[in-house]
**Student:** 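Take this structure, written in structure tokens, and hold onto it; I'll ask about it next.
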Amino acid sequence: MIRVLFFGPVAERVGARELSVPFVAGMRLQELIDLLSANHPSALDIVSFIAVNQAQVNDRQFPLNDGDEIAFMAKFSGG
Amino acid sequence: MIRVLFFGPVAERVGARELSVPFVAGMRLQELIDLLSANHPSALDIVSFIAVNQAQVNDRQFPLNDGDEIAFMAKFSGG
Amino acid sequence: MNEPVRIQQEDFSQDAEIAALKASSLRIGGIATFLGCARDFSEGRDVSEISFEAYGSMALAEMNTLRSEAIANFKLIDARIVHRVTTVRAGDNIVFIATAAEHRAAAFDACRWIIDELKQRVPIWKKEITPEGDAWVTPHP
Amino acid sequence: MNEPVRIQQEDFSQDAEIAALKASSLRIGGIATFLGCARDFSEGRDVSEISFEAYGSMALAEMNTLRSEAIANFKLIDARIVHRVTTVRAGDNIVFIATAAEHRAAAFDACRWIIDELKQRVPIWKKEITPEGDAWVTPHP
């Protein structure tokens, strides 16, 4: 499984803090983006950063592994 | 009388923290400088600022008044 | 001794943070700090409370990276970063950064750099709770 | 409440200074501080103690002027300046400046400006006491 995490404004729009998505061999980040885009378009609108296992990833073709933790995040507003 | 004050390195070279100098009508700052220069030349060497009644004065022709407090000061090194 | 980089609910003491910083060296000549506080007013609206949420594990890792980069790039002796994640009211402490260096220029430069970078790089979000409703804060570009 | 500008022998608490600063307004978004400490080493020499002397009345007046100028020029909400005049050892506090503003840039700019100006304008002198003897510090140009 892939653990998909949401925080703050994104979590509010998704209506959940976490989703579990079945892992499929050869899966890339783009497939998760497509899934979120189809089911929660208003949440995707405010996603500015994506992290895979707590490191920011910009390449949408980034290959995923079973057990990965993927976070879809709005612009940070801490401090 | 004029109160002449010394602090820190200047006081050390003068060997005193305070001198009283008789006030003479028409006295200007230059006369005090000449006095210090004659009696304590090594102290005058390190004087960078002069204050009359706690305000810096650069004009050596500044007229003095009886009861004035004049400070001869080395470069500041606080903070 | 507390960790030099922390995310916590509870408030912190600047005296305690500075004492911890000083314990690391007798070569410290200057310590710059920045304390971010909750204001009662933001962009024209009254704010009753501010609520914070973090991606805790990633936020802590980023803050530790920020501290290490600041120490290396500004030749600091030490640095500390604390961010509260809880609900605060006007006047409450939110974030604290302290940078210790031999001389003050490096301490100031590093402290400012850390808070600027923290706002850009650390996954924390704030929601302002106002009499007219709640709103997640969208940072300016 | 303590005065916001002071020259004193005794040490100070940053928590107490910050609490006093915060008491003035709920609009404060950022507080920058600078803490100057005694180092055990200066320009190649070990330093055992540092002894301070001030032209007290003029120093206090200049520090009050600095505070007022900083508040006006940087649009601060409030500011505090404390300088110890006594003999200190390595690690001891010497000077503390805190500047409170709505936003952090003004707080940082003002804090740095005050310590830079204080060193130029406030009649205080320091003497370093080293194993090889005492020496009044001559500031660099």
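Note that these values count all heavy atoms, side chains included, but never hydrogens, waters or copies made by symmetry. Chain naming here is simple, since letters A, B, ... match the order of the sequence lines and numbering starts at 1 in each.
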**Student:** Looking only at heavy atoms and a cut-off of under 4.5 Å, which of D:Gly36, D:Pro123, D:Ala61, D:Ala135 has the most pairs with chain B?
**Tutor:** D:Pro123
**Student:** So does D:Arg89 have more than 12 non-hydrogen atoms from other groups sitting under 6.0 Å from CZ?
**Tutor:** no
**Student:** Please look at D:Arg84 and chain B and tell me whether the side chain, the backbone, both or neither of the residue comes under 4.5 angstrom of a heavy atom of that chain.
**Tutor:** neither
**Student:** Answer with side chain, backbone, both or neither: which region of D:Trp125 has an atom nearer than 4.5 Å to a non-hydrogen atom of chain B?
**Tutor:** both
**Student:** Looking at B:Gly79, is its backbone amide N or carbonyl O close enough to the side chain of D:His83 to form a donor-acceptor pair, meaning the two atoms are under 3.5 Å apart?
**Tutor:** yes
**Student:** Could you measure the distance from the CZ atom of B:Arg17 to the CD atom of D:Glu53? Nearest 0.5 Å is fine.
**Tutor:** 4.0 Å
**Student:** Please classify the contact between B:Leu5 and chain D as side chain, backbone, both or neither, with a heavy-atom cut-off of under 4.5 Å.
**Tutor:** side chain
**Student:** Measuring from atom CG of D:Asn93 to atom CG of D:Leu35, what distance do you get when rounded to the nearest 0.5 angstrom?
**Tutor:** 4.5 Å
**Student:** Taking side chain as everything from C-beta outward and backbone as N, CA, C, O, which of these in D:Val122 sits under 4.5 Å from a heavy atom of chain B? Side chain, backbone, both or neither.
**Tutor:** backbone
**Student:** Taking side chain as everything from C-beta outward and backbone as N, CA, C, O, which of these in D:Ala54 sits under 4.5 Å from a heavy atom of chain B? Side chain, backbone, both or neither.
**Tutor:** backbone
**Student:** Sort out for me which residue in B:Val21, B:Val24, B:Ile70 forms a side chain to side chain contact (heavy atoms under 4.5 Å, CB included) with B:Leu64.
**Tutor:** B:Ile70
**Student:** Can you see whether B:Gln30 engages B:Asp34 through a side-chain donor-acceptor pair at a distance of less than 3.5 angstrom?
**Tutor:** yes
**Student:** Checking heavy atoms, do the side chain of D:Lys119, its backbone, both or neither come under 4.5 Å from chain B?
**Tutor:** both
**Student:** Contact part of D:Glu62 toward chain B, heavy-atom cut-off under 4.5 Å: side chain, backbone, both or neither?
**Tutor:** neither
